[in-house]
J.: 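Below you will find the structure I want to go over with you.
Heavy atoms only: backbone and side chains are in, while hydrogens, waters and symmetry mates are out. Reminder, nothing fancy here: chain letters follow the sequence lines and each chain counts from 1.
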Protein chains: 2
Amino acid sequence: MAEKTRTPKSARTRAALLEAARELFAERGYVKVTVRDIAAKAGIDPAMVIRYFGSKDGIFADAAEFNLELPDLRGVARNSIGEALTRHFLSIWDSPDAGLPVLLRSASTNELANARMREIFNKQIRTALEAIAGPDEAEQRAGLVSSQLLGLAVCRYVLKLPPVVRMSKEQLVKTIGKTLQQYITGRLPR
Amino acid sequence: MAEKTRTPKSARTRAALLEAARELFAERGYVKVTVRDIAAKAGIDPAMVIRYFGSKDGIFADAAEFNLELPDLRGVARNSIGEALTRHFLSIWDSPDAGLPVLLRSASTNELANARMREIFNKQIRTALEAIAGPDEAEQRAGLVSSQLLGLAVCRYVLKLPPVVRMSKEQLVKTIGKTLQQYITGRLPR
DNA sequence: CTCGTTTATCAACGTCCGTTGACTTCTAAT
DNA sequence: ATTAGAAGTCAACGGACGTTGATAAACGAG
């Protein structure tokens, strides 16, 4: 026990609040979670949420922050990019404190969540695809890829459609991956 | 001017409230619309909402009611089922008083919306697919179809991703239709 | 121990919302 | 014209929520 806790007490309660917030936001979405809920789950006074994060929007912004570490697609064999992307997102969505699940639940009611979601699925994926497709085509391909990835997320994590929940990760990687592959390297309609 | 208005006055205000409710719920979602908003938009007293629909949940239930008239897929050439389905849903989503847009916006925060959505995309689509696929396979295929259709809807109507919004209906029918076709008649992974 | 600073507690304010009930106005049949 | 019932108006209640400020407790440096 060389060192116990060098962190100031405040940092620990701040972290506890943030963790509670992430879990609640991820499972109920922005509007159905109250500041009092977060504080109660963390065993802390609701006023602390305001003290440390300024407002409910403030703690949501922090809870929804994260780095979408998109793999560098140039390091992946051209014909397995679709599967790689699918596997990557399924992994992210299964980790409950990743921020992306938080956004997913709140994108339809919270402006910030909506904006960040659009940023990810319009800019980040597009940038990643530009490494292997023409810049003009990249955006449209990114849109198609987004539609399938987001639909998978909605069905599996929000709506919890039985057949989509039941399918294994590898089944999904194969099936959805094949679709993404088509969207990324296949022909586009005029 | 043979007949002016045979409908009782009550039916007209009821209809006005319902129309206002549908528009508001479709564009903001359940939680961001208040009973007072609906009444104001219809130029009617908020108390009338309770009088005619019982509660906010009551008017939402009515606003979100609709018949998903799935086309009989047996009447469609086997290799153009995917395109037919895509075209059908795009048409439904573009009509603002269809109920389905209402559900789409509220599925993440309202229990009833969530349940109806699951009903449509798990039961109705599955039933339609059973006409052309084995009953055991039909459910899984319906899940995959749902994931792509819902993702398209989220990107185009909720998130409004530029490339997905920009694509024409026929472009989408071709591209997304091809994916659905694969999910309906293609091979499934083990 | 003392004292200034950080951290936490508590009660309350102001607002917004769904819902209610008392009351007025309108309508139509006798 | 009278009157019963339907339709609409209005103010208010009760509760939940985000947020605040005053106050107390815990802590660390001197």
J.: Could you check how far CD1 of B:Ile44 sits from C1' of D:dC10, rounded to whole Å?
T.: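 Taking CD1 of B:Ile44 and C1' of D:dC10, I get 16 Å after rounding.
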J.: Listed by chain and number, what are the ring pair (Phe, Tyr, Trp, His ring centres under 6.0 Å) partners of A:Phe89, not counting sequence neighbours?
T.: A:Trp93, A:Phe121
J.: Give every donor-acceptor pair under 3.5 Å between a side-chain atom in residues 18-29 of chain A and any protein atom, sequence neighbours left out.
T.:
from	atom 1	to	atom 2	distance (Å)
A:Glu23	OE1	A:Lys41	NZ	3.0
A:Arg28	NH1	A:Asp37	OD2	3.2

J.: Rounded to the Å, how far apart are A:Ile50 CD1 and C:dA8 C1'?
T.: 15 Å
J.: What is the distance, to the nearest angstrom, from the CZ atom on B:Phe60 to the P atom on C:dT19?
T.: 14 Å
J.: Expressed in angstrom and rounded to an integer, what is the separation of A:Arg14 atom CZ from C:dA8 atom C1'?
T.: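 These atoms are roughly 17 Å apart.
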J.: Could you state the NZ-C1' distance from A:Lys32 to D:dC17, rounded to the nearest angstrom?
T.: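 The answer, rounded to whole Å, is 15 Å.
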J.: Would you give me the side-chain donor-acceptor pairs under 3.5 Å for residues 149-168 of chain B, sequence neighbours excluded?
T.:
from	atom 1	to	atom 2	distance (Å)
B:Arg156	NH1	B:Val164	O	2.9
B:Arg156	NH1	B:Met167	O	3.0
B:Tyr157	OH	B:Asp94	OD1	3.2
B:Lys160	NZ	B:Tyr157	O	3.3
B:Ser168	OG	B:Gln171	N	3.1

J.: Got a sec, which pairs hit side-chain hydrogen bond (donor to acceptor under 3.5 Å, both in side chains) with one end in residues 59-72 of chain A, sequence neighbours left out?
T.: A:Arg14-A:Asp62, A:Asp72-A:Arg74
J.: Could you report the tightest heavy-atom contact between A:Gln148 and A:Thr179, atom names first, then the distance?
T.: OE1-CG2, 3.9 Å
J.: How close or far is atom C1' of D:dT20 from atom CZ of A:Phe53, stated in whole angstroms?
T.: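 Answer to the nearest Å: 18 Å.
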J.: Identify each atom pair where a protein N or O and an N or O of nucleotides 4-7 of chain D are less than 3.5 Å apart, giving names and distance.
T.:
from	atom 1	to	atom 2	distance (Å)
D:dA7	OP1	B:Ser10	OG	3.1

J.: Name every donor-acceptor pair, under 3.5 Å, that has one atom in a side chain of residues 123-137 of chain B and the other anywhere in the protein, sequence neighbours excluded.
T.:
from	atom 1	to	atom 2	distance (Å)
B:Thr127	OG1	B:Lys123	O	2.7
B:Glu137	OE1	B:Arg141	NE	3.2
B:Glu137	OE1	B:Arg141	NH2	2.9

J.: Please collect all ring pair (Phe, Tyr, Trp, His ring centres under 6.0 Å) contacts where either partner lies in residues 124-150 of chain B, sequence neighbours excluded, each pair once.
T.: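 Output for this query is empty, none listed.
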J.: Specify the separation, in whole Å, of atom CD1 of B:Ile59 and atom C1' of C:dT19.
T.: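 The distance from CD1 of B:Ile59 to C1' of C:dT19 comes to 14 Å, rounded to the nearest Å.
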J.: Among residues two or more places apart or on two chains, list those pairs meeting salt bridge (Lys or Arg N to Asp or Glu O under 4.0 Å) that have a residue in residues 169-180 of chain A.
T.: A:Arg87-A:Glu170
J.: Where is the tightest heavy-atom contact between B:Ala47 and B:Asp45, given as atom of each residue plus distance?
T.: N-OD1, 2.8 Å
J.: Might you list the N or O atoms of the protein lying below 3.5 Å from N or O atoms in nucleotides 11-17 of chain C, with each pair's distance?
T.:
none

J.: Specify the separation, in whole Å, of atom CG of B:Asp57 and atom C1' of C:dT19.
T.: 13 Å
